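Accompanying notes for the structure given below.
Quick caveat, the model's predicted, so the values are computed rather than measured. Along the sequence shown, residues are numbered consecutively beginning with 1.
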Amino acid sequence: MFRKLFFGLGVLLGVVSPQTAPDLSARVYRIGDQLYVNIELVGAYAGTALDLVSSGTRVAIGLEAAVEGSSRPPVRVTRSIRRDGAVDAWIVETETKGEEKILRDRDAALILASRAWGIHLGPADGSRRAFAVTVRAGAGLIDAEGLWHRADILWGYAEPELRFAFSGPEEVPF
């Protein structure tokens, strides 16, 4: 609550500039009978988010993809980025692979931190019934202990969302 108040006051006073939501795009596809999704967020780390990253704060995006009506829980992945001024590098952390990439080029780091490819959603239902895949994104800050803190102000309190409806598994492209 205090964090939201701090950022809100910063925006009102003109110290912190709010950012509008990034452009969310996704592609649902299948390999055999397995469903996957690629997600991209253009502009996820711009404005105040980029200022925070540049100062060493670990800014993150949380991505969630779910097959509506499925008994499987939504798949959640996190991408984060921070700048390490001591070595003049950008550190991108990808939760799904559990790895840390160190990049010297800021733009390459921003692209890597705002993309998640090959997110496995599970098997496509063998029946011919209709289903939908929903993709959502949210902004956050990750503290020294690795805990997520929502930072909705970074995207103007918006959480981009897409929904893809299919008449059956055979309609999902390869």
Side-chain angles (χ1 to χ4, degrees), residues 3 6-7 10 16-32 34-67 72-122 133-162 164 172-174:
R3 189 176 304 268
F6 169 74
F7 282 117
V16 178
S17 59
Q19 179 183 332
T20 57
D23 292 327
L24 175 64
S25 63
R27 178 181 179 267
V28 179
Y29 62 99
R30 66 184 165 114
I31 298 175
Q34 301 295 309
L35 294 176
Y36 294 86
V37 65
N38 293 341
I39 304 172
E40 297 185 6
L41 276 163
V42 177
Y45 300 101
T48 300
L50 185 56
D51 293 342
L52 289 169
V53 168
S54 297
S55 69
T57 303
R58 190 171 158 199
V59 178
I61 56 172
L63 305 169
E64 179 181 287
V67 178
R72 293 182 304 269
V75 178
R76 293 181 176 93
V77 296
T78 302
R79 297 287 185 267
S80 69
I81 185 171
R82 65 182 169 81
R83 184 172 180 276
D84 186 341
V87 293
D88 191 30
W90 301 83
I91 314 296
V92 176
E93 297 168 81
T94 58
E95 178 185 280
T96 53
K97 301 219 187 273
E99 60 187 33
E100 192 175 84
K101 297 282 187 185
I102 301 171
L103 297 118
R104 300 277 181 223
D105 183 79
R106 181 189 83 168
D107 291 335
L110 294 173
I111 289 171
L112 182 61
S114 61
R115 310 289 194 268
W117 299 286
I119 299 170
H120 185 226
L121 299 176
V133 174
T134 304
V135 176
R136 294 181 182 92
L141 302 176
I142 298 179
D143 64 21
E145 288 83 38
L147 299 174
W148 174 276
H149 302 277
R150 291 179 60 135
D152 298 340
I153 186 71
L154 295 178
W155 295 349
Y157 294 100
E159 290 186 345
E161 181 177 318
L162 294 173
F164 301 91
V172 180
F174 284 96

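Of all heavy-atom pairs between L35 and H120, the closest is O-CD2, 3.5 Å. Closest approach of G146 to R58, counting heavy atoms only: CA-NH1, 4.4 Å. Taking every heavy atom of both residues into account, R104 and A89 meet most closely at NH1-CB, 3.2 Å. Nearest heavy atom pair, residue W148 against residue A60, reads CZ3-CB, 3.4 Å. Residues P74 and E64 share a closest heavy-atom pair of CB-CG, 3.6 Å.
Two residues are said to be in side-chain contact when any heavy atoms from C-beta on lie closer than 4.5 Å; L141 and V59 meet this criterion. With contacts defined as side-chain heavy-atom distances shorter than 4.5 Å, the pair R72/V67 qualifies. Using a 4.5 Å cut-off on side-chain heavy atoms (C-beta onward), R27 and I39 make no contact. Residues I142 and T78 have side chains in contact (heavy-atom distance under 4.5 Å, counting atoms from C-beta outward). Annotation: side chain of V53 is in contact with side chain of W90 (closest heavy-atom distance under 4.5 Å). Between L154 and L52 there is a side-chain heavy-atom pair separated by less than 4.5 Å. Within the 4.5 Å cutoff, no side-chain heavy atoms of E159 are placed close to those of R136.
For the side chain to side chain contact (heavy atoms under 4.5 Å, CB included) with I81, the lone residue among I91, L110, I61 that qualifies is L110. Here the rule is side chain to side chain contact (heavy atoms under 4.5 Å, CB included) with V37, and of L162, V28, L63, V75 only V28 fits it.
Judged by distance alone, the side chain of W155 and the main-chain N or O of A44 form a donor-acceptor pair under 3.5 Å. Between the side chain of N38 and the backbone N or O of G118 there is at least one donor-acceptor pair closer than 3.5 Å.
Atom CG of residue D152 and atom CZ of residue R150 lie 4.0 Å apart, to the nearest 0.5 angstrom. If you take CD on E93 and CG on L112, they are separated by 11.0 Å, rounding to the nearest 0.5 Å. Note that CG of D143 is 3.5 Å distant from NE2 of H149, once rounded to the nearest 0.5 Å. The structure places OG of S25 at 4.5 Å from CD of E40, a figure rounded to the nearest 0.5 Å. Rounded to the nearest 0.5 Å, atoms CD (E161) and OG1 (T134) are 6.0 Å apart. Interatomic distance, CG of L50 versus CZ of R83, reported as 10.5 Å (0.5 Å rounding).
Seen from the ring of F174, R30 counts as a face-on cation partner, given the 6.0 Å and 45° thresholds.
Ring-plane geometry between Y36 and Y29 is classed as parallel, the angle between the planes falling under 30 degrees on a 0 to 90 degree scale with a further cut at 60.
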Practice problem: Start with the C-alpha gap between V92 and R79, add the side-chain angles, then the distance that decides, and say whether side-chain contact (heavy atoms from CB on, under 4.5 Å) holds. | Solution: CA-CA 7 Å; V92 176; R79 297 287 185 267; 5.5 Å; no
